Amino acid sequence: MTAGKNDSDSGFREFNVGFDDDGIRLDRWFKRHLPDTSFTTVAMWARTGQLRVDGARATPGDRIAAGQMLRVPPPEADKAAADVDKPRRVRERVILSDEETELAQSMVIHKDFQAFVLNKPPGLATQGGTKTTQHVDGLLDGLQYDNEGRPKLVHRLDKDTSGALLVARTSRAAAFFAKAFSGRTARKVYWALVVDVPSIEDGMIELPIGKQPGTGGEKMHVDEAEGAPARTRYRVIERAGNRAAWVELQPFTGRTHQLRVHMAAIGHPIVGDGKYGGAAAFLTGGISRKMHLHARRIKVDHPDGGSIDVTAGLPTHFEESLKQLGFDEKLGDALQLDEKTAPTREQMKSRAKAHAKSVRKERKGERRGRGVVEDKKPAGGKPGAPKTGGPRTGAGSTFGAPRSGPRVEGAKPGGRGRSGGKPSGPRTGPGSR
């Protein structure tokens with residue numbers, strides 16, 4: 001945006017729409033550039049014809065384009081409106097210490113005019129929270145450089161998960177990347193060490209995930225009845241006997257703790273993830289107790305054309321564990337990026353509706369079954385059977401439990417070099433009662 005110019009005759013101000021504001025709503029432009037002007041005031045200017053775009057009357061919901069000229073009433077009108085409406089607070093740039101600035105800049109592994117990609121270390125939260133004073137979001141002022149706007153997070157990683165984290169440098173880029181993540185066109189590849197070896201070498205886990213009751217939203221679990229659809233592709237890269245496996249994970253949905261919940265649900269918790277794997281998630285023999293989950297690669301379309309495709313180096317503890325287990329890091333990068341298309345929002349909604357419908361039918365059958373009265377004792381001396389079927393017993397009879405364990409689709413059972421096999425369902429898990 002170029003600085004406003006005053007019309008000497010009328011006092012109206014003129015602003016040229018900048019490249020970063022291309023395609024946004026007019027009311028959003030005011031929030032960015034004239035934050036003290038309330039929506040009520042903007043709407044009033046639109047109704048009275050004082051707000052113009054390229055000379056034509058405009059409304060707050062109109063989309064604007066780079067290069068257009070906005071005509072806005074004089075500053076006195078802003079001041080008059082401020083007497084009625086409370087001014088909006090404008091966030092001031094935070095001055096970081098030299099150590100904080102150095103930490104922020106040391107994480108940058110990709111930089112262009114629209115985005116950064118950071119290699120987030122394990123133990124550093126993405127955003128602040130209770131008793132969390134240092135986090136990536138709080139360090140972004142150290143990456144502002146000469147830009148007017150502050151960098152913006154467009155997705156997040158768990159505190160103990162390391163790896164590639166995309167940050168937008170402009171508002172336009174933030175909107176573009178947000179659409180890519182919500183539309184599932186952004187691709188993320190994770191590496192993980194898991195306990196034992198999956199019997200299916202290349203599989204797709206489809207298990208709905210919801211908040212676990214009684215944890216205040218701090219823990220998730222598989223919830224067949226009310227959970228949100230979640231889909232994860234996994235591939236075994238290498239195995240250390242039957243002790244552990246190195247796997248590649250690709251999430252096709254973005255549920256909280258999705259990869260951790262899914263791997264624990266099929267009986268192979270991520271090494272170091274005591275929250276979902278309990279004591280079984282830790283290996284003996286000097287393997288680090290830190291979480292072994294790393295966002296290895298991110299690939300996403302770029303706002304200016306082309307794509308961003310960046311690989312993040314492993315943290316020290318993960319790299320040492322790979323060497324200790326005899327794994328070759330080059331094998332993981334040799335895998336081709338899975339080109340299977342992620343389900344669209346419409347497909348996910350359709351699946352969720354179908355699932356909810358089946359649950360309602362099952363509950364309806366359960367309610368009918370509770371009201372059944374057994375027949376009187378027949379002449380043969382044995383009690384009669386109910387006239388209609390009562391509640392089922394056994395697997396799948398409890399609401400919210402999987403009907404036959406986690407659904408894992410895949411091929412190549414048995415794993416690399418493995419004779420026989422073992423069930424891929426959990427030994428104990430969210431579906432067991």
Side-chain angles (χ1 to χ4, degrees), residues 107 109-110 117-122 155 157-158 160-166 186-205 231-252 258-260 262-264 266-273 277 281 283 285-300 307-340 342 408 410-418 424:
M107 291 190 290
I109 56 176
H110 170 84
V117 177
L118 311 181
N119 189 355
K120 187 187 83 66
H155 68 120
L157 297 175
D158 293 344
D160 294 321
T161 301
S162 56
L165 182 68
L166 181 68
R187 306 302 299 278
K188 293 181 287 184
V189 175
Y190 290 76
W191 283 0
L193 290 183
V194 300
V195 176
D196 299 331
V197 181
S199 58
I200 296 176
E201 187 180 70
D202 184 340
M204 186 74 74
I205 307 171
R231 195 166 181 247
T232 300
R233 167 88 183 278
Y234 75 86
R235 293 190 281 186
V236 176
I237 302 171
E238 270 197 291
R239 51 179 290 174
N242 294 330
R243 182 187 182 198
W246 171 25
V247 298
E248 177 198 82
L249 303 172
Q250 294 185 46
F252 284 130
Q258 176 176 318
L259 303 181
R260 299 164 64 184
H262 272 177
M263 295 313 294
I266 66 169
H268 302 285
I270 294 171
V271 173
D273 187 11
L283 297 179
I287 299 296
S288 173
R289 294 179 65 84
K290 291 182 179 179
M291 182 127 77
H292 289 71
L293 179 61
H294 178 73
R296 177 64 171 179
R297 180 181 177 188
I298 187 166
K299 183 176 181 180
V300 63
S307 65
I308 296 172
D309 191 350
V310 180
T311 297
L314 291 170
T316 303
H317 77 278
F318 202 133
E319 189 175 19
E320 290 177 349
S321 294
L322 287 183
K323 291 178 181 178
Q324 192 167 344
L325 292 169
F327 295 148
D328 183 357
E329 187 175 328
K330 294 179 182 178
L331 292 178
D333 290 324
L335 289 178
Q336 295 296 314
L337 181 64
D338 177 22
E339 296 300 335
K340 291 183 179 179
V408 182
K412 305 178 185 176
R416 289 197 176 105
R418 185 177 183 185
S424 62

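As the structure is a prediction and not an experimental result, all values here were calculated from the model.
By the 4.5 Å heavy-atom criterion applied to side chains, Arg297 and Leu337 are counted as neighbours. In this structure the side chain of Leu166 reaches within 4.5 angstrom of the side chain of Ile308, judged on heavy atoms. Side chains of Leu331 and Glu238 form a contact here, defined as non-hydrogen atoms less than 4.5 Å apart. Looking at heavy atoms from C-beta onward, Asp160 lies out of side-chain contact with Lys290 at the 4.5 angstrom threshold. No side-chain heavy atom of Leu293 sits less than 4.5 Å from a side-chain heavy atom of Trp191.
Atom-to-atom distance recorded for Ser288:OG and Gln324:CD is 9.5 Å, nearest 0.5 angstrom. Atoms CD and CG, on Glu248 and Asp202 in that order, are 9.0 Å from each other to the nearest 0.5 Å. Atoms CD1 and OG1, on Ile109 and Thr311 in that order, are 8.0 Å from each other to the nearest 0.5 Å. Atom OG in Ser162 sits 10.0 Å away from atom OH in Tyr190 (nearest 0.5 Å). Between Lys120 atom NZ and His294 atom NE2 the span is 10.5 Å, to the nearest 0.5 Å. For the atom pair CG (Leu259) and OG1 (Thr161), the distance works out to 8.0 Å, reported to the nearest 0.5 Å.
Not counting sequence neighbours, the partners of Arg296 by the salt bridge (Lys or Arg N to Asp or Glu O under 4.0 Å) test are Glu329, Asp333. The side-chain hydrogen bond (donor to acceptor under 3.5 Å, both in side chains) test applied to His110 returns Asp112, not counting sequence neighbours.
Nearest heavy atom pair, residue Val247 against residue Ile237, reads C-CD1, 3.9 Å. Between Gln258 and Phe252 the shortest heavy-atom distance is NE2-N, 4.2 Å. Closest approach of His155 and Ile298 over heavy atoms only: NE2-CD1, 4.0 Å. Of all non-hydrogen atoms in Val197 and Gly241, the two that sit nearest each other are CG2-O, 3.3 Å. Looking at every heavy atom in both residues, Gly163 comes nearest to Leu157 through O-CD1, 3.7 Å.
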- Please walk me through it: do Val194 and Trp246 pass side chain to side chain contact (heavy atoms under 4.5 Å, CB included)? CA-CA 6 Å; Val194 300; Trp246 171 25; over 6 Å; no
- Query: Are Gln250 and Arg187 close enough, and set up right, to give a side chain to side chain contact (heavy atoms under 4.5 Å, CB included), and what steps lead you there?
  - Reply: CA-CA 8 Å; Gln250 294 185 46; Arg187 306 302 299 278; 3.0 Å; yes
- For Met263 and Leu249, what are the C-alpha separation, side-chain angles and deciding distance, and is it a side chain to side chain contact (heavy atoms under 4.5 Å, CB included)? CA-CA 10 Å; Met263 295 313 294; Leu249 303 172; 3.8 Å; yes
- Task: Evaluate the side chain to side chain contact (heavy atoms under 4.5 Å, CB included) criterion for residues Asn119 and Met107: first the C-alpha distance (whole Å), next the side-chain angles of each, then the deciding distance (0.1 Å), finally the verdict.
- Result: CA-CA 5 Å; Asn119 189 355; Met107 291 190 290; 5.5 Å; no
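Note on Arg243 versus Asp196: no salt bridge recorded, every NZ/NE/NH1/NH2 to OD/OE distance being 4.0 Å or above. Between Asp273 and Arg260, at least one side-chain nitrogen of the basic residue sits less than 4.0 Å from a carboxylate oxygen of the acidic one, meeting the salt-bridge criterion.
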Please tabulate, for side-chain N and O atoms in residues 312-323, each donor-acceptor pair with protein atoms closer than 3.5 Å (sequence neighbours left out).
unit_1: His317; atom_1: NE2; unit_2: Met291; atom_2: O; d: 2.9
unit_1: Ser321; atom_1: OG; unit_2: His292; atom_2: NE2; d: 2.8
unit_1: Ser321; atom_1: OG; unit_2: His317; atom_2: O; d: 3.0

